Protein chains: 2
Amino acid sequence: MRLSAKSEYGLLALIDLAAAVDRAPMSTRDIATRRDIPLAFLEQLLATLRREGLVTAVRGAHGGFVLARDAHDISALDVVEALEGPLSPTVCDGQEPCGRGGACAAEPVWMQVSTTLREVLGRFDLASLAQRQLLFDATTGVTTPEE
Amino acid sequence: MRLSAKSEYGLLALIDLAAAVDRAPMSTRDIATRRDIPLAFLEQLLATLRREGLVTAVRGAHGGFVLARDAHDISALDVVEALEGPLSPTVCDGQEPCGRGGACAAEPVWMQVSTTLREVLGRFDLASLAQRQLLFDATTGVTTPEE
DNA sequence: GGTAATCCTGACAACATAAGTAGGATTTAC
DNA sequence: GTAAATCCTACTTATGTTGTCAGGATTACC
């Protein structure tokens, strides 16, 4: 039961964007070097996040990415689902017919997992995560995103 | 974010074992045909569940598998972890050092997911799931496991 | 003892996904 | 025009998933 590195990288990247209080576009290279993420890979992730409507791209020199919505209105669930697709733990979790004619005793287990997962991820928003990140960066001497 | 079919099949199989009130060993073939699971694949799953101490095997003719413990004492979490290994949603969920020196703003997200997942799966025990299965089988005319 | 049922083990294969890499095309600030 | 940046597509290497297959070991029953 794993999420892929895409979610991990993507969430870190969006946290950085949320921490950029000056609202200037932040380049992929910036984020990649600061958070130690392979540049070309991160480019792909941000491209899909753009297609999913979570960030907007600013092309050309001094371009980069900006959050498409307020940081309070983007949850970790939004990020994960944008990158991983709909998160169903198994085939049989109530999202689609199970193939067992509804007489599947295991179904409530997977359904509960599914909804709880969504609920937990939905509790975290980028604004509060960014605040936490700024604190960390200040104490560890990392060049903070808003500079 | 998916569990593999192993968990789905394995849980269904153990529910059947838990529903066998007469405590006679149930063959892999029985379960495979009743729940529509590929036989050879299910054999492998039950073999690992045996190695993990969840079931005991009875070899030879009229052999099969029996739950190793009382059905109340085996949770869906036990089954899933036995088949999938420890379930950490990402590298960075507090199980092992994150590589970011503890200054990872995303960590609480993955930690919360991890613990909640375990908590939810731990709530379901085989005894109650088996009871539900018996009800379903009775109404849909499936030959119930205890016959 | 023979036979059939059953578990046990290991190898193999087809397919999908993960985690990148590489290279070029396009846009824009200067 | 040039450099900095996004954008897009394809390729690659490794691993995991979902099985299948062949045979061997063990046991109940006649």
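This one's a predicted model, so the numbers in the text were calculated from it and none came from an experiment.
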Exercise. To the nearest angstrom, how far is Leu83(B) atom CG from dG16(D) atom P?
Worked result: 16 Å
Exercise. Taking atom C1' of dG20(C) as reference, at what distance in whole Å does atom CD of Glu8(A) sit?
Worked result: 15 Å
Seminar exercise, completed: Phe65(B) has its side chain closest, among dG20(C), dC8(C), dG19(D), to dC8(C)
Problem set entry | Exam field: side chain Glu84(A) to backbone Ser4(A), donor-acceptor pair closer than 3.5 Å | yes
Seminar exercise, completed: note: Ile37(B), atom CD1; dT17(D), atom P; distance rounded to Å ~ 17 Å
For this session: Return the nearest nucleotide to the side chain of Ala61(B); candidates are dC7(D), dA4(C), dC7(C).
Result: dA4(C)
Seminar exercise, completed: Regarding the side chain of Glu43(B), the nearest nucleotide among dA11(C), dG20(C), dC8(C) is dC8(C)
Exercise. Got a donor-acceptor contact below 3.5 angstrom from the Thr140(B) side chain to the Phe136(B) backbone?
Worked result: yes
Problem set entry | Residue from Val80(B), Val79(B), Asp78(B), Leu11(B) passing side-chain contact (heavy atoms from CB on, under 4.5 Å) with Leu121(B) | Val80(B)
Exercise. Does the base of dT17(D) carry an N or O that pairs as donor and acceptor with the side chain of Glu84(B) under 3.5 Å?
Worked result: no
Exercise. Between dC8(C), dG19(D), dA29(C), which one does the side chain of Arg59(B) approach most closely?
Worked result: dC8(C)
For this session: Decide salt bridge (Lys or Arg N to Asp or Glu O under 4.0 Å) for Arg34(B) and Asp137(B); before the verdict, give the C-alpha distance in whole Å, the side-chain angles of both, and the deciding distance to 0.1 Å.
Result: CA-CA 10 Å; Arg34(B) 189 177 323 109; Asp137(B) 291 346; 5.9 Å; no
Problem set entry | 5'-most by nearest nucleotide on DNA chain C - Leu39(B) or Pro38(A) | Leu39(B)
Exercise. Where the side chain of Ala5(A) is defined as all heavy atoms beyond and including C-beta, which of dC7(C), dT20(D), dG20(C) is the nearest nucleotide?
Worked result: dG20(C)
Problem set entry | Donor-acceptor contact present, side-chain Ser114(A) to main-chain Trp110(A), <3.5 Å | no
Problem set entry | Rounded interatomic separation in angstrom, taking CG from Leu3(A) and C1' from dA18(C) | 13 Å
Exercise. Quick one: is Tyr9(A) getting a side-chain N or O under 4.0 Å of the dG20(C) phosphate, OP1 or OP2?
Worked result: yes
Exercise. Which nucleotide, dT18(D), dT6(D), dA19(C), lies nearest any side-chain atom of Ser4(B)?
Worked result: dT18(D)
For this session: Side chain of Gln44(A) only, please: which of dT6(D), dT18(D), dT9(D) is the nearest?
Result: dT9(D)
Exercise. Any side-chain N or O of Thr28(A) under 4.0 Å from OP1/OP2 of dT6(D)?
Worked result: yes
Problem set entry | Spacing between Phe41(B) atom CZ and dA11(C) atom P, to the nearest angstrom | 18 Å
Exercise. Under 3.5 Å, is there a donor-acceptor pair between the side chain of Glu52(A) and the main chain of Leu83(A)?
Worked result: no
Seminar exercise, completed: Taking dT17(D), dA5(D), dC7(D) as options, the one with an atom nearest any side-chain atom of Arg50(A) is dC7(D)
Problem set entry | Distance in angstrom units between Leu45(B) CG and dT9(C) P, rounded | 14 Å
Exercise. Taking atom P of dA16(C) as reference, at what distance in whole Å does atom CZ of Arg2(B) sit?
Worked result: 14 Å
Exercise. Which part of the nucleic acid does Gly63(B) contact within heavy-atom distance under 4.0 Å: base, sugar-phosphate only, or nothing?
Worked result: sugar-phosphate
Exercise. Between dT6(D) atom P and Leu49(A) atom CG, what is the distance in whole Å?
Worked result: 13 Å
Exercise. Where the side chain of His62(B) is concerned, which of dT28(C), dA28(D), dT18(D) is the nearest nucleotide?
Worked result: dA28(D)
Exercise. Base, sugar-phosphate alone, or nothing: which one does Ala40(B) contact when heavy atoms must sit under 4.0 Å apart?
Worked result: base
